[in-house]
Visitor: 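Okay, here's the structure, questions in a sec.
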Amino acid sequence: MRFYFPDSQDLVSPTYDFMNDEYSPTRVRQRDDRYAHEVVTPAPYDGILVSKAIVDGSVKGSGKYTAPQRARLYRFGIRKFFRLPDTVVSLGDCGAFNYAEEEYPPYSVEEVLDFYEGCGFDEGVSVDHVIFGYAPDASEEDVDSAWAERRQISLKLAEKFLAAVDSRGRKIVPVGAAQGWSPDSYADSVARLQDMGYQRIALGGMVPLKTKEILACLERIDDVRLPKTELHLLGITRVDSMEVFAQHGVTSFDSTSAFRQAFMDERNNYHTREDTFAAIRVPQVDGNPTLKRQILSGAVSQAAAMKAERECLKNLRGFDQKRVPLKDVLAALGEYETLVADPKKKSYLDAYKRTLEAAPWRTCPCALCQEHGIEIAIFRGTERNKRRGFHNLTVLEAKMRALSLSR
């Protein structure tokens, strides 16, 4: 089972000063900052997924890449731009979620193939149009006409895409995109893509589905899937179900879930093989927009906030060095939370106590936890938060490796 990490230009600075929360004055982001596969070993994914919409933008506007970054990607190619090790492969797609509100994909087959070949991708997904919805018993005739049209668009573009790949000498491995709204519609899409000649097929639009609904689709696809056909799940993690998914032809998947939980989830921020923990929130007084607004409005004293912030960090570091007792750390965190937190929100102190009592970073073998200690568990700014996200990827990679089906 192979895991692909979707790129959104997430890097960390190896020279970031955690004590003073500042970057080196000589730092050059693209030259000096590091991707996850450069800061942890082994690489926490088997491949990276890069979307054309992220690089070139779409109807929604510009992508995540600056103009110089985009130029470097096209000039250097994907392997040199990302400094990819030989063990990590590259997969390109269109980023259909970025143009989901349009009636028709904004990219032509030739434009997409130019992107894949111009950047030197190993694999590329055909142009598709995502379907938002699940109606397990609906036929082609009685389903929403827009859904039926999107499936037909995806199939027609997949046929054109494969023909274009063949006419150019197959410089990439073509991956056919299958869309659907039900087990039958997904199965029909897979059958038609196989008839075209695809041996790798990506199942799209399944992110909102429950695991049992995904399994229902995979079981129906089994009726038409050929022995050599490999399935990829777009945007799906569901590690606990991967062994079952593999029994139905799934050989790869991609997701940002483990990474994004580090800073997007309310409490499940730091992952271990057996559990999840809340990261300890110590917002920066001079770098947190919400806190700055409170200070400017007079709701929070800047001096009191800065003093409480420093006390939290000092006590947390002292706790990690086993010099400060847990009760003192929690007292400092409680004082800062009272100053800066939304009074309508439930206190995090019980979750912090659980995290500190377990101190999972002390026993984690990943290079980031070994190097940074408790800093990795502090919810504070992009450098700590992304490192914690990279740590979560190492946990996901270990879980996948432990499965009997993995590698």
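When reading the values below, keep in mind they use all heavy atoms of this one structure, side chains included, and skip hydrogens, waters and symmetry mates. Small disclaimer: the values here were computed from a predicted structure and weren't measured.
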Visitor: Can D166 and R170 be counted as an ion pair, charged N to O under 4.0 angstrom?
Guide: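 Salt bridge present between D166 and R170.
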Visitor: Does E123 use its side chain to pair, donor to acceptor, with the backbone of I172 at less than 3.5 Å?
Guide: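 Side chain of E123 to backbone of I172: no pair is present.
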Visitor: Just by distance, do the side chain of Q69 and the backbone of T66 share a donor-acceptor pair under 3.5 Å?
Guide: yes
Visitor: Between E311 and K307, is there a salt bridge with N-O shorter than 4.0 Å?
Guide: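 The answer is no: the pair does not qualify as a salt bridge.
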Visitor: Taking only residues at least two apart or on different chains, which pairs with a member in residues 204-218 satisfy side-chain hydrogen bond (donor to acceptor under 3.5 Å, both in side chains)?
Guide: T211-R238
Visitor: Is D7 salt-bridged to K64, going by a charged N under 4.0 Å from an acidic O?
Guide: no
Visitor: Show your working on side chain to side chain donor-acceptor pair (under 3.5 Å) between S154 and Q179 and close with a plain yes or no.
Guide: CA-CA 7 Å; S154 298; Q179 294 289 344; 5.2 Å; no
Visitor: Output yes when K386 and D33 qualify as a salt bridge under the 4.0 Å nitrogen-oxygen rule, no when they do not.
Guide: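 Between D33 and K386 there is no salt bridge, as every charged N stays at least 4.0 Å from the carboxylate O atoms.
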Visitor: Taking A177's backbone N and O only, do any of them form a donor-acceptor pair with D128's side chain (distance below 3.5 Å, no angle check)?
Guide: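 Judged by distance alone, no pair lies under 3.5 Å.
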Visitor: Let me see the working for H232 and T251 under side-chain contact (heavy atoms from CB on, under 4.5 Å), right down to the final yes or no.
Guide: CA-CA 6 Å; H232 177 96; T251 61; over 6 Å; no
Visitor: Do H129 and Y104 pass the ring pair (Phe, Tyr, Trp, His ring centres under 6.0 Å) test, and can you show the C-alpha distance, the side-chain angles, and the key distance before you say yes or no?
Guide: CA-CA 7 Å; H129 214 11; Y104 198 85; 7.0 Å; no
Visitor: Using side-chain contact (heavy atoms from CB on, under 4.5 Å), reason through F5 and T256 one step at a time and then give a plain yes or no.
Guide: CA-CA 6 Å; F5 181 56; T256 59; 4.3 Å; yes
Visitor: Cut-off 3.5 Å, no hydrogens considered: what does the side-chain donor-acceptor table look like for residues 358-365, sequence neighbours left out?
Guide:
| from | atom 1 | to | atom 2 | distance (Å) |
| --- | --- | --- | --- | --- |
| W361 | NE1 | D320 | OD1 | 2.7 |
| R362 | NH2 | F319 | O | 3.0 |
| T363 | OG1 | P360 | O | 3.3 |

Visitor: Checking S13 against E383 for the side chain to side chain donor-acceptor pair (under 3.5 Å) test, could you report, in this order, the C-alpha distance in whole Å, the side-chain angles of both residues, the deciding distance, and whether it holds?
Guide: CA-CA 7 Å; S13 170; E383 288 294 331; 4.9 Å; no
Visitor: For C312, does its backbone N or O pair with a side-chain atom of N315 as donor and acceptor, under 3.5 Å?
Guide: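 No: the side chain of N315 does not pair with the backbone of C312.
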Visitor: I'd like to check the ring-ring contact (aromatic ring centres under 6.0 Å, His included) partners of F277; sequence neighbours left out, ordered by chain and number.
Guide: none
Visitor: Is a side-chain donor or acceptor of S182 paired with a backbone partner of S185 at a separation under 3.5 angstrom?
Guide: yes
Visitor: Does N20 reach the main-chain N or O of E22 with its side chain, forming a donor-acceptor pair under 3.5 Å?
Guide: no
Visitor: Under the criterion side-chain contact (heavy atoms from CB on, under 4.5 Å), I'd like the reasoning laid out for Y23 against D32: C-alpha separation, chi angles, the key distance, then a yes or no.
Guide: CA-CA 11 Å; Y23 289 99; D32 300 329; over 6 Å; no
Visitor: Is any NZ, NE, NH1 or NH2 atom of the basic residue among K399 and D240 found under 4.0 Å from an Asp or Glu carboxylate oxygen of the other?
Guide: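 No salt bridge links K399 with D240.
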Visitor: When you look at V165 and L113, which way does the side-chain contact (heavy atoms from CB on, under 4.5 Å) test go after all the steps?
Guide: CA-CA 7 Å; V165 170; L113 197 48; 3.9 Å; yes
Visitor: Under 4.0 Å between a Lys/Arg side-chain N and an Asp/Glu carboxylate O for D222 and R225?
Guide: yes
Visitor: Residues two or more places apart in sequence or in another chain: which of them pass ring-ring contact (aromatic ring centres under 6.0 Å, His included) with F379?
Guide: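 F379 satisfies ring-ring contact (aromatic ring centres under 6.0 Å, His included) with no other residue.
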Visitor: Angle between ring planes, Y348 versus Y352, binned at 30° and 60°: parallel, tilted or perpendicular?
Guide: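 Plane angle under 30°, so parallel.
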Visitor: Taking C94's backbone N and O only, do any of them form a donor-acceptor pair with S51's side chain (distance below 3.5 Å, no angle check)?
Guide: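 Side chain of S51 to backbone of C94, a donor-acceptor pair under 3.5 Å: no, none is there.
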Visitor: Could R380 and E375 be called an ion pair, given the rule that one side-chain N must be under 4.0 Å from one carboxylate O?
Guide: no
Visitor: Taking only Lys NZ, Arg NE, NH1 and NH2, and the carboxylate oxygens of Asp or Glu, determine whether D56 and R70 approach each other closer than 4.0 Å.
Guide: yes
Visitor: Say whether, by atom type as modelled, one donor and one acceptor occur between the side chain of S108 and the main chain of E111 under 3.5 angstrom.
Guide: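 Pair found, side chain donor or acceptor close to backbone of E111.
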Visitor: According to the interplanar angle, ranging from 0 to 90°, do the rings of F121 and Y116 count as parallel (below 30°), tilted (30 to 60°) or perpendicular (above 60°)?
Guide: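 Aromatic pair F121/Y116 classed perpendicular.
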Visitor: Pairs in or reaching into residues 179-216: which pass ring-ring contact (aromatic ring centres under 6.0 Å, His included), with residues at least two apart or in two chains?
Guide: none
Visitor: So, are R220 and D184 salt-bridged, with charged N and O less than 4.0 Å apart?
Guide: yes
Visitor: Taking side chain as C-beta onward, heavy atoms only, is H248 less than 4.5 Å from L215?
Guide: yes
Visitor: Within the distance-only criterion (no hydrogens, no angle test), does the side chain of S24 pair as donor or acceptor with the backbone N or O of T26 below 3.5 angstrom?
Guide: yes
Visitor: Is it true that E230 and R2 make a salt bridge, defined as a side-chain N closer than 4.0 Å to a carboxylate O?
Guide: yes
Visitor: Using modelled atom types and a 3.5 Å cut-off, is there a donor and acceptor pairing between side-chain atoms of R34 and backbone atoms of V39?
Guide: no
Visitor: Between Y99 and Y107, is the ring centroid distance below 6.0 Å?
Guide: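 Between Y99 and Y107, the centre distance is under 6.0 Å.
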Visitor: Salt-bridge test for D114 and R168: reply yes if a basic N is under 4.0 Å from a carboxylate O, no otherwise.
Guide: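 Salt bridge between D114 and R168, a charged N being under 4.0 Å from a carboxylate O: yes.
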Visitor: Taking only residues two or more places apart in sequence, or in another chain, which ones meet H37 in a ring-ring contact (aromatic ring centres under 6.0 Å, His included)?
Guide: Y35, Y45
